[in-house]
Protein chains: 2
Amino acid sequence: MRIISILTFVLFFSCFSIHAEDGSALWLRYPTGAKAIIMNKKQSPTLNIAVSELRNFWQGGIPITLEIQKNKELRALGNDGYIIRASKDGKHLTITSSGEQGILYGAYHLLRLQATGQLSESTLKSLNVSEKPDYRIRVLNHWDNLDGTIERGYAGHSLWKWDELPSVVSPRYEAYARANASIGINATVINNVNASPEILSDDYLQKVKVLADIFRPYGLKIYLSINFSSPAALGGLSTSDPLDKEVIAWWKKKAKDIYSLIPDFGGFLVKANSEGQPGPCDYGRTHAEGANILADVLKPYHGIVMWRAFVYSPTDSDRAKQAYLEFEPLDGKFRDNVIVQIKNGPIDFQPREPFSPLFGAMKKTAVMPEFQITQEYLGFSNHLAFLAPMWKECLDSDTYMQGEGSTIARVTDGSLFPHPLTAIAGVANIGDDPNWCGHPFAQANWYAFGRLAWKHSLSSEQIGEEWLRQTFLPVIDAQANLLTAKVVQKEKEQLFSQLSLLNSQVLQKSREAVVDYMMPLGLHHIFAWGHHYGPEPWCDIPGARPDWMPSYYHRADSLGIGFDRSSTGSNAAGQYHSPLCEELDNVDTCPENLLLWFHHASWNHQMKSGRTLWAEMCHAYDRGVKEVRNFQKVWDTMEPYIDSERFQEVRHRLKIQSRDAVWWRDACLLYFGQFSKQPIPYELERPVHELKDMMEYQLDITNFECPLYGFTK
Amino acid sequence: MRIISILTFVLFFSCFSIHAEDGSALWLRYPTGAKAIIMNKKQSPTLNIAVSELRNFWQGGIPITLEIQKNKELRALGNDGYIIRASKDGKHLTITSSGEQGILYGAYHLLRLQATGQLSESTLKSLNVSEKPDYRIRVLNHWDNLDGTIERGYAGHSLWKWDELPSVVSPRYEAYARANASIGINATVINNVNASPEILSDDYLQKVKVLADIFRPYGLKIYLSINFSSPAALGGLSTSDPLDKEVIAWWKKKAKDIYSLIPDFGGFLVKANSEGQPGPCDYGRTHAEGANILADVLKPYHGIVMWRAFVYSPTDSDRAKQAYLEFEPLDGKFRDNVIVQIKNGPIDFQPREPFSPLFGAMKKTAVMPEFQITQEYLGFSNHLAFLAPMWKECLDSDTYMQGEGSTIARVTDGSLFPHPLTAIAGVANIGDDPNWCGHPFAQANWYAFGRLAWKHSLSSEQIGEEWLRQTFLPVIDAQANLLTAKVVQKEKEQLFSQLSLLNSQVLQKSREAVVDYMMPLGLHHIFAWGHHYGPEPWCDIPGARPDWMPSYYHRADSLGIGFDRSSTGSNAAGQYHSPLCEELDNVDTCPENLLLWFHHASWNHQMKSGRTLWAEMCHAYDRGVKEVRNFQKVWDTMEPYIDSERFQEVRHRLKIQSRDAVWWRDACLLYFGQFSKQPIPYELERPVHELKDMMEYQLDITNFECPLYGFTK
């Protein structure tokens, strides 16, 4: 039996190739060789894509009809929604939608079912899918600068080759649009929120237009980040005061110019009065006044403004409270084509934060979550961290704003407050690396963001499973599949079971592992100065902003550790709705994974495990290290199943992650141990370096690995 | 109860001081404050030392009489032996010996019993100790060069300050003699076996005389390593041919000069025709002819020659066989004041070797074991490796030369072959570092060598326990002891139990851990070129001697790994006596810890554990890493019991060892895995670097740590 199993296994892989893959195909590794019958009456660029994708890749063996219908059922699903149904005799499929875009999304849905092995003869015969997206706008934010660099980008340079545009067009622009369409992303802000005024120049708009034309058939709308002082900086006006008539006129003219080039232009994303960016407050105006003037000029064209709530300044007020203090009073003062974009947490994309209290607090204003796909604070593209669990944690958080069940998902998807404008943003992790995202597993986060933006009730497990199967199953061409279907069934199941293991043991645990080895129990922002990669809880830059210092956040002293945000401290807990605020306020009821976010807890604070806080912290750091070592073990078992190129690449990065986890553990436990004055529990693995040696290294943004822990050559 | 326990604990340590210690006191940390009555009739420098040591440090409360007696019982124990007995009423102790030296050794014995807590009121009353050494000459070999460097020394520069001598005398010379006397070492070769002819110059002999005068009262005789070509190189003769008359005359004159300065001079140690050193073979003479001429000139003065059997050359013959092939035929050809000094194993002080087949093979010649105390191949002074288990393993090995029970101990101590000349040598690990040996635990190896040279039946456990107690128990002064004896009893027991843990969990396991993470299963000499510290199984220096290349030793290929020294290979196994040679010759009966020494075994060779050879090797490397991590844990539990200075020092070095263990594991498993083409078993921790990155580093002798694995700042 064993020999037969090995033989068929060999056959499976020799027929179906574990050839080297560079990751450039993303999750869209459809085999060629299909010859499907696809019927479609209407012609349009979008419909043509749907037809072509199915003709090329549909292996189901039965014909498909694509049809735009305007019946009630379909109208309820909107232009993006669709229905996929088998005919009663099971010999025919139909994809219907009230819009072209829905047809294309339906086609990708079907191909996804096929690629993830969810279509058997019987499921195919009874197929009945009905889908509509939870958010109207599902948008990527690219923090790409016009000079080709990417702020917090770890996958090469910008995909947009501004020097070459508009004349030279990279084939990757269309590949990018296709990938987004395949997971339902319908919007993209292609330039950094720290925006250059230059993006609105005529030259650049000509370049943007080329991209917009390429993206359009895929249903991907372009948006731009704008610099609030563009009227002065680019237009030569003496001011950019949003209530100034000339300024208004300038923006009107600019909108007209844009829409003449890009009739379906999406609108503006604005970072104003934040981290040095200009904004309405420079002229004594409010954020609402600033946003509204832009909203007014875009309104005639159905454009919108996404206005970021990420504001803070080095005042006495707890940074975690500032966005709420500034924006909550403005509730109801924004135009209906403004949506306030709020980062998931009140600080800045830390491995774990509580949700921002602005969610739900602004009832009369449309608000949208901003997630970060790029791993600025989660190990760049060196660490494997699947972020769906983090985003789910935020979306599923209960704000209690309209009683129990007022989750952030419901606060933002239009079901709790009936704003017609709904959106969700993800800061992209895409660059010009051949595999798009640097770490082969970083693609999973792009994928997961798209899937959750479409349907926030999807489980992280399902998304992980989908992505793994599409990304790592050998590509089986249609002919071979028919010939050897029976032979390969068993091996396919073995593969699926391996991938499930990878999903449950690695993907699903990876974000929590990062929290454990970097900042467990509510610790946050103890990164090294500037680079947000390695640990520097001791960081102290003379003269630097105190709210950019780790000690501002961890506040370790001889008594304990953590930021007192309870009612005895900054009372940031008070910004949450009852009963959550009381729960957070009390050191004994505050969730332990946020304990040090809300409390300065004693080193001997009793934890639910029975351990002291100090011992619990040590165990968490140790657990993080052990988890990553386990990721390495599980990954290595994948070697027989995966092409060598991606296998080696992931293995290599897991080694870095494993070393970094030890570095984090050692640095934090040795540093905080100086305050706790307690030994690391003796059952745990000990540090392998001296704190003083670690503290001597100045890590800069281009050289962020600690040579003491072994660097990457 | 808990509070009381803590209080008495605090009292214990506050009274009795965990003050910083630099390790300079070695195991001789006797408290001051004793006022003992010591009676002694005869005066002599040696006896005066015994009296003074006891007067200063004896806390037993009862008087002691020292007495030289020539009765039959004492004569049987020799000049070095002694008896310690309590009087019948238990109110008085007597130390007797037939010689002064025995009295001094007896005094140290008593102080050792005291310092290790082995004397209670009752044991004291019935004390009855009778001791004699197993070897006549218990000698240290210093590989100290005249320029102050030490070959394979890792504890600073030479203790001997040749520039200052003879006029300036360091107090450390006497401290050195005292330390040796305290453990029974009675001989020292103070210069490198790769000897400079200069050591025999009149100038240097004047310096040596000063040391000899200081050492003499402690019973420590001086020997010198000589360069065989001294007659030519120093004496200006045209040859150093040992059968040349002028050469003989030169040596005679030199001997006379030496003995006129140092009447009790011990004799010569000679490394001849080995690794580039000159020797009799340069003139067509045998080793015996060379040794005998020196023996003849020393004979009138009762001097001896220790002639090293460490010879090999880059011929086709297996290096492991060469010493046997050269020396065994010379058996019976040496003078009776020549002793052939044989390294424990046939290659060169590897972490594990089989014993040298010369032991027992030379029946008519006195032979002595040469052990290496300095950790040339066991992590320098960075790694904690207690070597008593290694030396015991050699001494207890059965050569079968006179049937079962013909252990190396019995082959060399005069009990199996009745040679009156018996000796045992240890290559010293002593330098001018304040703590003498570099690693605080390296002192334990000096101590262990002395104790085993005295009594080879001592267990490694006992020696470890003795050393730990003397080295780490707080120094309790006599007055305080009497006042608080009851209070401290419990805490003392707690300390003893901690030290026992340290002994069993760290000391006793440490050498096997090094074997595991460096060269398990009989692997040997896969060190990096030149420095003998890190791993370089891949090392390949174009044009270098093949027998200095790791691949000469490991012979890894696609089929398996190991050096075939069975009858199908070099047949080095055939140099051993039956039934051992048959046992070693058969891959299925060869002890697994020497498997790859004697066999080129298949990667899938079935091991006793049920694992394949490859899997077993992986498990061994992994076990080594785990062991060192456990050493760290156990050591950290010592923090409350030990002065901070030594605690931190050991902790620091264990961190290095922990990193190095991972480095060794990764390098060897990744390298050998290329041949086995099998994955590391998935239950084991994975490597954290890439082989190719490791292979890129050229590690030199001054910079031997691999930066990839984190170096010492």
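Note that the structure is predicted; figures quoted are calculated from it, not measured. In what follows, chains are A, B, ... by sequence order, proteins preceding strands, each numbered from 1.
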- prompt: Using a heavy-atom distance cut-off of less than 4.5 Å, which residues of residues 612-630 of chain A contact chain B?
  reply: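 So far as heavy atoms go, Arg629(A) are the residues that approach chain B to under 4.5 Å.
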
For chain A, which candidate among Val662(B), Thr637(B), Leu684(B), Val634(B) shows the most heavy-atom pairs at distances under 4.5 Å?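 Most heavy-atom pairs within the cutoff with chain A belong to Thr637(B).
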
#### Entry: With Lys633(B) via salt bridge (charged side-chain N to carboxylate O under 4.0 Å, His left out) - residues at least two apart
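With neighbours one apart ignored, the set is empty.
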
Any side-chain to backbone donor/acceptor pair from [X] onto [Y]? Under 3.5 Å, distance only.
X: Trp529(A); Y: Asp540(A); value: no
X: Gln606(A); Y: Gly610(A); value: yes
X: Ser500(A); Y: Phe496(A); value: yes

- Give, as side chain, backbone, both or neither, the part of Ile680(A) having an atom under 4.5 angstrom from any heavy atom of chain B.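 It is neither, since no heavy atom gets under 4.5 Å.
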
Set out, in order, the CA-CA distance, both residues' side-chain angles and the distance that settles side-chain hydrogen bond (donor to acceptor under 3.5 Å, both in side chains) for Gln657(A) and Asn382(A), then state yes or no. CA-CA 6 Å; Gln657(A) 186 171 7; Asn382(A) 281 345; over 6 Å; no

Fill in: Beyond-backbone contact of Gln375(A) with His439(A), side-chain heavy atoms, under 4.5 angstrom
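Of all side-chain heavy-atom pairs linking His439(A) with Gln375(A), none is under 4.5 Å.
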
- Options Gln648(A), Lys655(A), Arg651(A), ranked by heavy-atom pairs under 4.5 Å with chain B, top entry: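 Maximum pair count with chain B is reached by Lys655(A).
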
Item to complete: With a 4.5 angstrom heavy-atom cut-off, could you sort out which part of Glu683(B) is near chain A: side chain, backbone, both or neither?
Response: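 Contact with chain A: backbone only.
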
With a 4.5 angstrom heavy-atom cut-off, is it the side chain or the backbone of Pro687(B) that approaches chain A, or both, or neither?
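Both parts, backbone and side chain.
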
Any salt bridge between Glu696(A) and Lys692(A), counting N to O under 4.0 Å?
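No.
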
- [ ] Look at the aromatic rings of Phe675(A) and Phe672(A) and report parallel, tilted or perpendicular, splitting at 30° and 60°.
- [x]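 Correct class here is tilted.
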
